[in-house]
Amino acid sequence: MTAPDLRLSTSALQVHWAGELLHLLPERAIWWPAGHVLFIADLHIGKAATYRTFGQPVPGGTTQQNLARLDALIAEHAPERLVFLGDFLHAAQARTPQVLAALAAWRAAHAAIGMTLVRGNHDSRAGDPPAALGIEVVDEPYLLGPFACCHHPQTHATHFVLAGHLHPVCRLHGPGRDSVRLPCFASDAQQAVLPAFGEFTGGWLMERAPGTRFYAVGGKTVWALPASD
């Protein structure tokens, strides 16, 4: 049964965290209407390109797919700021001419939007995005309103943490031995972890635990799973 502070719209799920209304989006992002901010975790731009530099026969096009999905979110919500919760570029090998050109064109199309990257573990290896992109780069925690924007899940003394890093997925069980893994948001009283936004990122199965809520993403909908005892 859905908790009283949750309301399912046609696709997004509305929650109240840190006294603020947030929309958990099926595109695996969070929209904060009052702040006009989109939160994105684990974009991992250029991951497929990185694999190809090591001779792995993985398909191309994931960078354009990621940027097209960001375009759609920007068109729908008209944010004033994007906050990337770590792992913007996947690795140093991701900085190919094709990837950097795609990023430059994408940023130019959204030049009026402020963008902030909270450094994650992959950012330390890939390096900061090119300065020409005009993306502010900070270390965690980055305080924004009542939120501590982080890459690694953690607690903060005064702010509710929004984090990434884990690429959380949950498992739903059907009749018999049927089951399916889905990306999910996960939260407790002090923090929430976003699913990975990027294509070709994989996921880590999070176990149910008392006090933790899961919000599964399937198709074009986000819904709250029953709370654990």
Side-chain angles (χ1 to χ4, degrees), residues 25 27-31 37-74 79-142 144 147-154 161-169 183 185 193-204:
L25 305 178
E27 293 84 0
R28 306 195 298 274
I30 289 180
W31 170 236
V37 176
L38 274 170
F39 297 99
I40 309 289
D42 298 288
L43 192 57
H44 287 275
I45 289 290
K47 183 172 182 178
T50 299
Y51 273 61
R52 288 194 296 275
T53 65
F54 294 111
Q56 300 291 335
V58 298
T62 56
T63 292
Q64 292 293 353
Q65 291 171 23
N66 288 330
L67 297 180
R69 291 169 55 224
L70 284 172
D71 285 340
L73 284 176
I74 290 169
E80 296 177 1
R81 176 165 297 276
L82 268 62
V83 175
F84 298 102
L85 302 174
D87 291 0
F88 183 81
L89 290 167
H90 181 70
Q93 293 82 2
R95 307 172 83 97
T96 67
Q98 295 83 359
V99 167
L100 295 180
L103 278 173
W106 175 80
R107 185 62 173 113
H110 305 294
I113 300 175
M115 298 187 187
T116 300
L117 166 63
V118 183
R119 289 187 181 97
N121 55 301
H122 278 266
D123 302 300
S124 65
R125 298 194 293 271
D128 292 345
L133 294 181
I135 298 176
E136 176 188 25
V137 182
V138 299
D139 292 323
E140 61 183 4
Y142 169 64
L144 186 63
F147 303 111
C149 305
C150 302
H151 177 63
H152 302 90
Q154 58 196 274
V161 170
L162 298 176
H165 184 57
L166 297 181
H167 303 193
V169 299
F185 300 84
V193 181
L194 282 68
F197 184 87
E199 304 288 345
F200 193 52
T201 51
W204 179 63

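Counting begins at 1 with the first residue of the sequence.
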Would you name the heavy atoms of [X] and [Y] that are closest together and state the gap between them?
X	Y	answer
Asp139	Val118	C-CG1, 4.2 Å
Ala29	Leu73	CB-CD1, 4.0 Å
Phe197	Arg28	O-NH2, 3.0 Å
Pro141	Cys150	CB-SG, 3.7 Å
Arg69	Glu27	NH2-O, 3.0 Å
Leu38	Pro79	CD1-CG, 3.7 Å

Exercise. So do the side chains of Cys149 and Phe39 get within less than 4.5 Å of each other, counting heavy atoms only?
Worked result: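 Yes, close enough: below the 4.5 Å cut-off.
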Exercise. Pick one: which of Leu43, Asp42, Ile40 meets side chain to side chain contact (heavy atoms under 4.5 Å, CB included) with Phe88?
Worked result: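 Going through the options one by one, the only one that passes is Leu43.
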For this session: Mind checking side-chain hydrogen bond (donor to acceptor under 3.5 Å, both in side chains) for His165 and listing every partner two or more places apart, or none if nothing turns up?
Result: Asn121, His151
Problem set entry | Contacts of Glu80 that satisfy side-chain hydrogen bond (donor to acceptor under 3.5 Å, both in side chains) - sequence neighbours left out |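 Scan of Glu80 (side-chain hydrogen bond (donor to acceptor under 3.5 Å, both in side chains), adjacent residues dropped) gives none.
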Determine whether a donor-acceptor pair (N or O, by modelled atom type, separation under 3.5 Å) exists between the side chain of [X] and the backbone of [Y].
X	Y	result
Asp123	Gly120	yes
Arg107	Leu133	yes
Gln154	His152	yes

Problem set entry | Under-4.0 Å salt bridge between Asp87 and Arg119 | no
